[in-house]
Amino acid sequence: MDNEIKCLFGGILSLLTIASVTGFILARKYKGSSAKNVIDNLNARTKAWWQMCAIFAVSLLVGNAGSVILFAIMSFLALREFITLTPTKKGDHKTLFWLFFIILPYQYYLVYTRWYGMFAIMIPVYAFLLIPVRSALAGDTKNFLERTAKIQWGVMVCVYCVSHAPALLILDIPGYAGENVKLLLFLTVVVQMSDVLQYVFGKTLGKHKVVPDVSPNKTWEGLVCGVVSASLIGMGLWWSTPFSPWAALVISLVITIMGFAGGVVMSAIKRDRGIKDFGNIIQGHGGIMDRIDSLCFAAPVFFHIVRYYYTW
Amino acid sequence: MTELLAKIILYLCRLVSGVQVEIRDVDLFSGTVIFYANHSSHLDAMVILSLLPEERRKKTFIVGSKKYWQANAIRRYISNSVFRTVMIDRAGESNTSGAFAALSEMSKVLEQDCSIIIFPEGTRSSEGTISDFKRGIYHIAKKNSDIKLVPVYLENMNRIMPKGELIIIPLLGRVVFGKSITLLEGEDKEAFLARARNELVDLGGNSLG
């Protein structure tokens with residue numbers, strides 16, 4: 001295995017160790033105080049991070065197929081959470097079958113077989129047209145446009161957008177052949193670090209809310225400090241990418257801001273549906289969709305930046 | 001062998017329906033009760049069974065239509081050997097003898113310290129709404145007035161596997177076990193049916209969609 005991947009994993013491992021030790025010390029120090037709930041949640045999150053990193057590491061080490069399958073499963077679970085919140089009706093049942101069991105696997109199959117042309121248009125063109133046709137054939141016209149639009153939105157966000165993360169593996173970057181998995185790590189680390197840092201800075205320094213009507217947890221202090229510090233981490237990781245240090249900084253800025261945008265949009269959906277989390281599959285975090293909301297928005301933009309500037 | 005099969009079927013039901021469970025009454029599962037639930041999918045009874053503690057599950061009977069459970073060899077095997085069932089013969093609507101036979105069988109089951117799961121609407125609804133209750137639940141409650149009735153609200157099962165569809169779409173379901181009720185002294189049939197139904201509807205309160 002390439003040394004740079006070892007360094008990246010080593011870094012993640014040390015961070016998690018620090019987080020666990022800090023959490024342990026805090027839990028002992030504030031035992032029985034009012035801060036207990038916050039600390040318990042923090043420790044639950046750290047524990048879930050260990051598990052998520054372990055799964056991520058194993059699937060990356062299995063190779064391209066492992067990464068594709070991992071993201072396909074994440075898409076499946078995210079779509080499940082998303083469609084559950086969407087008031088689909090009986091007439092959509094067969095459409096949903098296509099969505100979960102044909103379109104989703106096929107999109108990831110296209111990533112695996114490196115067919116970029118089809119990967120880029122299958123959902124926006126063919127799935128886009130198929131979904132309303134299948135629903136119309138089922139004969140239920142009540143709220144037809146609304147139902148169709150919501151299903152299409154779900155498949156775009158949960159499947160199309162997320163699939164751009166493993167699609168980084170199919171890019172042909174001169175002088176970087178066989179190393180693309182580090183781009184996937186770079187994207188994931190920078191976006192997720194930005195989430196964590198925005199949360200930490202928001203909790204400690206946060207005063208002014210960005211959009212109080214959407215998310216009470218997102219503050220300007222958290223946003224600016226989180227985005228800047230995560231972008232600096234991204235810049236510091238330039239050696240693992242085909243980017244120069246400055247390019248790494250700019251790209252990190254773009255994807256952390258996209259990640260923030262994804263979080264705000266998903267919060268708006270949750271607010272509209274009157275729920276706090278999309279699910280409860282990850283202890284302390286909520287659902288899969290709560291964890292990858294920022295990745296959904298960052299992945300396609302990151303993919304196309306790399307594809308435009310760094311491939312032939 | 002059949003026990004293993006039961007476990008596998010229930011595990012799969014639990015997996016595809018991804019249910020979140022809410023329990024409003026803590027000592028629900030300790031004794032004999034009558035679970036009554038809204039009905040919108042073939043998954044309903046299995047999902048409820050999958051949520052019961054094993055000891056209790058083995059002593060719980062599903063009350064269902066004979067026509068459905070006897071339709072083919074697989075269903076016959078499942079209803080006779082894998083799970084415990086009480087079957088209602090609904091052949092000929094005017095003929096009430098099937099209903100009486102089922103009623104006395106249910107009472108027998110309850111006397112032997114076993115619970116039952118009933119669907120008082122009598123049939124599956126297609127859009128997840130709760131129809132008016134058939135009078136059966138009243139007669140069961142009257143005949144077994146010492147036994148509590150527990151409302152069980154099932155959400156999204158009609159979307160996971162609706163009436164008339166064979167394919168399961170694994171969305172996330174929700175199951176709420178409510179506080180138990182009993183037939184009040186002197187309560188008439190209509191009042192009891194309405195009250196029992198309201199208890200169930202209330203559990204769905206902030207239901208989505």
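Scope of the values below: all heavy atoms of this structure, side chains included, with no hydrogens, waters or symmetry mates. Chain letters run A, B, ... following the sequence lines, proteins first, then strands; residues in each count from 1.
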Whether over 12 other heavy atoms sit under 6.0 Å from [X] [atom1]:
{"X": "A:Tyr199", "atom1": "OH", "value": "yes"}
{"X": "A:Leu137", "atom1": "CG", "value": "yes"}
{"X": "B:Arg75", "atom1": "CZ", "value": "yes"}
{"X": "B:Lys67", "atom1": "NZ", "value": "no"}
{"X": "A:Trp153", "atom1": "CH2", "value": "yes"}
{"X": "A:Tyr109", "atom1": "OH", "value": "no"}
{"X": "B:Phe100", "atom1": "CZ", "value": "no"}

Discussion item. Test of understanding: with salt bridge (Lys or Arg N to Asp or Glu O under 4.0 Å), list the residues that count as partners of B:Glu3, not counting sequence neighbours.
Written reply: B:Arg57
To the nearest 0.5 Å, tell me how far [X] [atom1] sits from [Y] [atom2].
{"X": "A:Thr84", "Y": "B:Arg174", "atom1": "OG1", "atom2": "CZ", "value": "12.5 Å"}
{"X": "B:Arg159", "Y": "A:Lys89", "atom1": "CZ", "atom2": "NZ", "value": "11.5 Å"}
{"X": "A:Ile83", "Y": "B:Ile169", "atom1": "CD1", "atom2": "CD1", "value": "9.5 Å"}
{"X": "A:Thr88", "Y": "B:Asn156", "atom1": "OG1", "atom2": "CG", "value": "8.0 Å"}

Worksheet item: Given a strict heavy-atom distance threshold of 4.5 Å, which part of A:Phe97 is in contact with chain B: side chain, backbone, both, or neither?
Response: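 Both backbone and side chain.
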Practice prompt. Answer with side chain, backbone, both or neither: which region of A:Phe82 has an atom nearer than 4.5 Å to a non-hydrogen atom of chain B?
Written response: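 Neither part; nothing is under 4.5 Å.
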Worksheet entry | Polar side-chain atom of A:His93 near backbone of B:Ile168 as donor-acceptor pair, under 3.5 Å | no
Discussion item. Tell me if a side-chain donor or acceptor on A:Lys90 pairs with a main-chain N or O of B:Lys163 at a distance below 3.5 Å.
Written reply: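 Yes.
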Worksheet item: Looking at A:Lys94 and B:Glu165, does any basic side-chain N land under 4.0 Å from a carboxylate oxygen?
Response: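 The answer is yes: the pair qualifies as a salt bridge.
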Discussion item. Quick check on the interface: out of A:Asp92, A:Leu99, A:Thr86, who has the most heavy-atom pairs with chain B under 4.5 Å?
Written reply: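 Result: the option with the highest number of such pairs is A:Thr86.
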Item to complete: Mind listing the closest non-hydrogen atom pair of B:Leu171 and A:Phe100 along with its distance?
Response: CD2-CZ, 4.0 Å
